[in-house]
Each structure stands twice: as structure tokens, then as C-alpha cells.
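Structure first, commentary second.
Computed over heavy atoms, backbone and side chain alike; hydrogens, waters and symmetry mates excluded. Computed from a predicted structure; not experimentally measured.
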Number of protein chains: 2
Amino acid sequence: MTENILQVIPGGVTAPKGFMASGVAAGLKKNNKVDLALLLSETPAAAAGVYTTNLVQAAPLVLTRQRVAEGLARAVIINAGNANACTGSRGLQDAIASSRAVATALAIPEEQVLVASTGVIGVPLPVEKIVDAVPRAVEALAKENHMAASQAIMTTDLVPKEVAVQVQLGETLVTLGGMAKGSGMIHPNMATMLAFITTDAVISHGVLQQALKQAVDSSFNMITVDGDTSTNDMLLALANGQAGNPEILPETEAYQLFYQGLLEVCSALAKMIARDGEGATRLIEVTVNGALTLQDGQKAARSVAGSNLFKAAVFGKDANWGRILCAVGYSGATFDPSTVDIFIGEVQVAQDGAALEFDEEKAAVMLSQDPVTVLVDLKSGASSATAWGCDLTYDYVRINGSYRT
Amino acid sequence: MTENILQVIPGGVTAPKGFMASGVAAGLKKNNKVDLALLLSETPAAAAGVYTTNLVQAAPLVLTRQRVAEGLARAVIINAGNANACTGSRGLQDAIASSRAVATALAIPEEQVLVASTGVIGVPLPVEKIVDAVPRAVEALAKENHMAASQAIMTTDLVPKEVAVQVQLGETLVTLGGMAKGSGMIHPNMATMLAFITTDAVISHGVLQQALKQAVDSSFNMITVDGDTSTNDMLLALANGQAGNPEILPETEAYQLFYQGLLEVCSALAKMIARDGEGATRLIEVTVNGALTLQDGQKAARSVAGSNLFKAAVFGKDANWGRILCAVGYSGATFDPSTVDIFIGEVQVAQDGAALEFDEEKAAVMLSQDPVTVLVDLKSGASSATAWGCDLTYDYVRINGSYRT
């Protein structure tokens, strides 16, 4: 990623032209913390979305998916503290009521309001609290409130997550911004994770959808925290066209440049999520080179990043590389175990599938760094993939042993 | 399982006629603990085996698989403390050397000696320690040393695991015995787990193999501790025919009765392994009823039993049933989320996919029991399956953060 293509800037989801955000306290979280975020585009925006693969899908996701399919959106209302999942037919009514409150307060079409929720599953949404808070959320809408919005969507996250980048498309500077939440139930194929991306680029609903799907496969779908795929995951992208660039069409240089920017936003947010995995102390970055196909590389990288045994070994700074090879072995990737080289940071720990004498102290230093990097060279082909995860710690158990209580 | 079909008896792997065992200290574990087990049949026994699905397979597994395929075995030598996995070409030589030492000391064919190893991966096997200890292991062979053998194969196991049952086949009483180890890296499709089953039944290599495969699918392949599938798993069965029953042929009543006995041995050992999962405080038993197919039921049951989030909730006695439904949702099983009922012990927590008001205190009591039982009724079909797992605790992290050090 060179600087002349891409520039990281401050500003999160409101960095692109024509977007405003707010975060207020609706009383869904304890201690009057902000728990309701509102995101508004001044003009109708092309919308795209990627959703959980879980067969059990939360009510707001069902509603939002329908509305995104229509192609245009103006606003997104997001609450934390309650997932509105497994809440029966009442769940959908509550999601609709949330969107109606926003539509009324902003005088925009109800079908252009998207809804997302995160939090505890199986408890009815206290929708009246949201409806009561919406006028305050509307009043607080401002360019400078991107951080409040990213704080409002946090659950067990320790830090808010936002990023913005700029890409020069010919004469026009296009901006992309994003915010995300998620720290438990993070696993490939869109796990409990909410992410919202904004851009002022001129791009159609369909092309945006294509670019988003492509970017997700190399970013959000390559992170894993605990193997659980949630009922509520979604990634939404809104493009309001206010940058005024010539429309971005597929298979053009402009598309490639825009895609680089989108991938950077997605990758940055995905890594922030993995780094902030529940109880995690360190990000783990696993790169697999020499894979027969991209799919083999992805399977192998995700398997290592997701192995409880290796994650616990990272926490304990124990260079137990056998667990790395073992996880590659059960990943489903095709490879020859007798050609595999493995590096932990700069230390090579295995060659051709067998142990090397290595400096244990130096390996422990590598395992203390953040991120911890692992390189697996399968020497079976020319494909590469990278996956991200985090260590498995006492705090993961503590947090998840008492999430509701 | 009624008493007139099946009787549980003491005696472990040496309960059947014509088997002897021993367990001695070869110096592979610290503190002079027993770490080398020897199992001997007085006469050649029909052999069968089921092995790990991991692409990376340890040297002893490669050797044993070849030898079992020949159909006959006399002895099994098993060491703990070193898995002899990822040890290159030297690994196979070391496994052969172990078997040769046994064959020499017992004056039996080397090809009839099977080898199994468990312990740390990627460290060359100190085979000379095993070769030195084999004469002592041979000398110690006795009917009464079944428990010493089951202790010798332990790694992070807290308790030795053995069982024996008797089945009346017409006029003849047939005995089956078993021992197993395994507490980390336990996951469907034969994870780090060693199990050895003996019987005095008259049954061919091929029919024993068929029965063993069938029993494994409903027992060992339905337990999960941490999702990692090891490089060394194997389950071996030896049938020496000393009971003198008419040969057990497929699709006969005798086969069914023998199979019930075999399944009981496999299920008992599998549950002991899950109960003794690393750091576990309680066994979790997940039954799925009303599945469309057996495969759907198995996927759903294993997914719940394997969910880190639900396992941590059990540890914390938190009736977070949304995580159960969520795990069924991403299991790959086909079902309708809006018809699912869920019970934790006797407490129904969800009906038709939505929350029920339930007594939280009573649910916490159910989550304190051992085993914790979960019933998921998909109401989509007529198939059922049960899976076993354990809670996820601080101790799992502690054990696996410092396994080698």
C-alpha cells in the first residue's frame, strides 16, 4: 500500500462528504453509557451489505437485508446492549418501530432506514427506550460525532474502532470511512461483528456490492476470535456520490483504486476487531505462502489463527510449533506435510515438516510481540493468504462465563 | 442398555481372556511417573483400527496402520510424554525400533507389534529410553496390571480411564475391555486420543473393523474438547477368540449383541475423555431430537458441545441459551429456527425459537450439575444424536499456555 495511492486520514465514518453521525445513551447499557448510534447521509446513498451465514438470523438483519436489496439508504440506526435475536415475531416489529422513529424524526422514507443490533440474544428489545432516544440522536447528528457513534456500538470491545482513507481517482479525491464493533463470537463468514462503511464515491448499488463482497473475503472473513458465528453480523456500505467522480465501473482502473481503498478500510477494521478479541492480549497474524490454491491458503491460515491450543500457547509464550503444523493438517488444505517450513516471527522453528534446533528465548521474545507473526510455507504452490486472530486468555473465560450476569 | 444383555465388570483391558498388561517408567515423563504401557494377547488377535483424519500423521500411526491392515496383532507398545510426530524420517525408524524391542523380548513377529505415542509434537523420540525399558515392561506383564497400563498412557489426564463389559452370546459369555487417554485436542474425527479395546470374542479382522467404525461414529466422533484434531489419534481393537463363541458374522443377532457391548465400551471411554477435558469441571451432554437426518442431528449436537461461548457460559453457570441456538444455527444442520425448543436440564428456556420466561435460579442449578444436559428439539424430523463436551475454564488456558514448559 503506497502513499501516493492511498492516504489514511482521521474522521471515521463522517470523513466522506455528506455524512453525519451521533451516539447517545438510550438506557440499554448500564451506567448511562452511549448505546445508540445514528448514521445519516445528507442525500440518498447506494447501499450494499454482507450478512451472517448463521441459519438463525436476528430480526434487524432480516429487515435490513430486504431494504439494502432495494439499493438506496439514507440512515442507519444501531443499538448495543440487546441483539434483538431469537425474539420471535415481536423482534421484527421492534426493528421496524426503531426504523420508523428515525424516519419520522428525519422526515425520510422508512424503507431507507437500516437497522442493526448487537448484545444479548433471546431477550426482547426494549424498543420504547430506543424510540424515546431517537430525537436526541437526531439532534446530536454532526460531522464531529463519528467517535461517539463508534463508542455507542461497542459491547465487550475495549476500544472504539474507526478508520478513514482517501484515494485519488483521476481528478477526484474520494474518501472512505468506517467503524466497527466486535470482540466475541468472531469467526470467518461474518461473525458477531458490525461494520459500517461510508464513501462519497459515485458507484452503483450493484458495483458497490461486488467490491464489498470481494473485500470481505480477504479481510473480515479472515479473522477469528472464538469460532462462533453470530446471528447478527452485518457489514453495510453507503456511497452517496458527493465526491462527484465519474461513476466507478467494474474492470476499470478507477474500480481497482477504489477497491484498494475499500480493502484497506475493511482490513484495518478487521485487524482492530481481532486485536480486541475478548480477553486478548495480542494480535496473531498468520500468513500461509506456497499454497496450491487461494482456498487452501485461506483454510490453512484460518485454522492456525483459530486453534485454541495455539492461541493458548501464544498467551503462554510457548513456541509449541507442533500445534501450528497440526492445525494446518486438519484445516482441509491440500499439502505435503514433509515440505512445510514454519517461522514464528524471525525464528524458523520447523523445516520440511520436522523440528529444527532453535533459540527458545528468542522464540519467546517473538511470541511477546504484538502482533505475533507466524509464517507457514507449504511449498506446494504459488498462493498466499493471511488470517488474523488473538491469544486465548483467562479473561476470555471470565468475560464469557458471566456475559449476561 | 438392560442388565441381562450387558454387564459392566471390573478389569479394564485385561478383563477378556488371554490378555495381560503392564505400565512402567521409561523416563519420558518427569518425576519417574509410569509412561510406557505394554498390552499383550497370549495368542494372535484379529486387529482393527480407526485413525486421525489430520493430514499430518505421526510416525507410530503410519506404522501401526500398515500393520493393522495385515489383520493380526499380538502386542501394543504405547508411550506417553512424546508424540513422535513431525519428527521426519527418523520418527518412523524410532517407531520401528520400539516395536522391534518388544518383538525381541517376547519372541513374537515384529509385524504383530503395534505402536502408539502421545505427548509433545516435534521433538525427536528418545527411543533408547523406550528400548531400555521394554524388558521391564515385559517382565511386569500381568492380568492385574491393567490399571498401571492405563496410568502409563496419561498425559494431562487427571484420571485413568478404563472399562469392561460382558455380553452373553448364546451359550458363550464374551468379554470386552478398554482403556483410553486424552484430554486436550479432543474433537470429532479422532482427536488426540488413544484408545485400546480388547475382547476374547471370535470375530474376523474385517467384521471387527466394521463394528469398530460404526461404534466410533456414535461415541468418540461425538466428543469435543477444543476443536483441535491431533496427529496421533488412534483407536485399536484386538480380538483373540479365546471365548470360543461361534464366529460373529455380520447381520446376525450375535453381531448386534457384540456391537452393543462394543458401543458401550466406546461410549463409556468417550464420555470419560470429555469429562476429563483439560481444565474441565463438568461434562456437557447435548442431545438433539427432531433432526431431519442423523447427520443434521450430529452436526447440531457437536456444534453446541463445541461452542467456546456456550462452554464458557456453562463454566459461569450462566443460562445463556441464545448461544445454544446460535451454535445450532452455524452448525450446517438444516432446520427451521422458528420451531426450536431448548431445555437446560429440566428447565425449558426457549420455545419455537424464542425466549421463555424461566426460573434463572433453577437454571443455574441445572448448570451446576455433572453432567450438564442440554436438549434441543428441532421439530424438523425424526432423527436424534448426542454429543459430549466439557466447560471451558481458566485451567484450560493455564494448562495450554505452558504445556511444553
Separation between SG of A:C86 and CZ of B:R323, rounded to the nearest 0.5 Å: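 Spacing of SG (A:C86) from CZ (B:R323) equals 12.5 Å.
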Once you round to the nearest 0.5 Å, how far does CD1 of B:I121 lie from CG of A:L325? 8.0 Å
With sequence neighbours excluded, tell me which residues meet salt bridge (charged side-chain N to carboxylate O under 4.0 Å, His left out) with A:D370. A:R275
Residues in salt bridge (charged side-chain N to carboxylate O under 4.0 Å, His left out) contact with B:D377, at least two apart in sequence or another chain: none
Going by heavy atoms in the side chains, are A:V56 and B:V328 under 4.5 Å from each other?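 No - every pair of side-chain heavy atoms lies 4.5 Å or more apart.
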Is the shortest side-chain heavy-atom distance between B:N54 and A:C326 below 4.5 Å? yes
What pair of heavy atoms forms the shortest contact from B:A333 to A:L55, and how long is it?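 Nearest pair, atom of B:A333 first, then A:L55: O-CD2, 3.5 Å.
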Which heavy atom of B:G122 sits nearest to which heavy atom of A:A355, and what is that distance?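 Looking at all heavy atoms of both residues, the shortest contact is O-CB, 2.8 Å.
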Sort A:S338 into side chain, backbone, both or neither according to what part of it lies under 4.5 angstrom from a heavy atom of chain B. neither
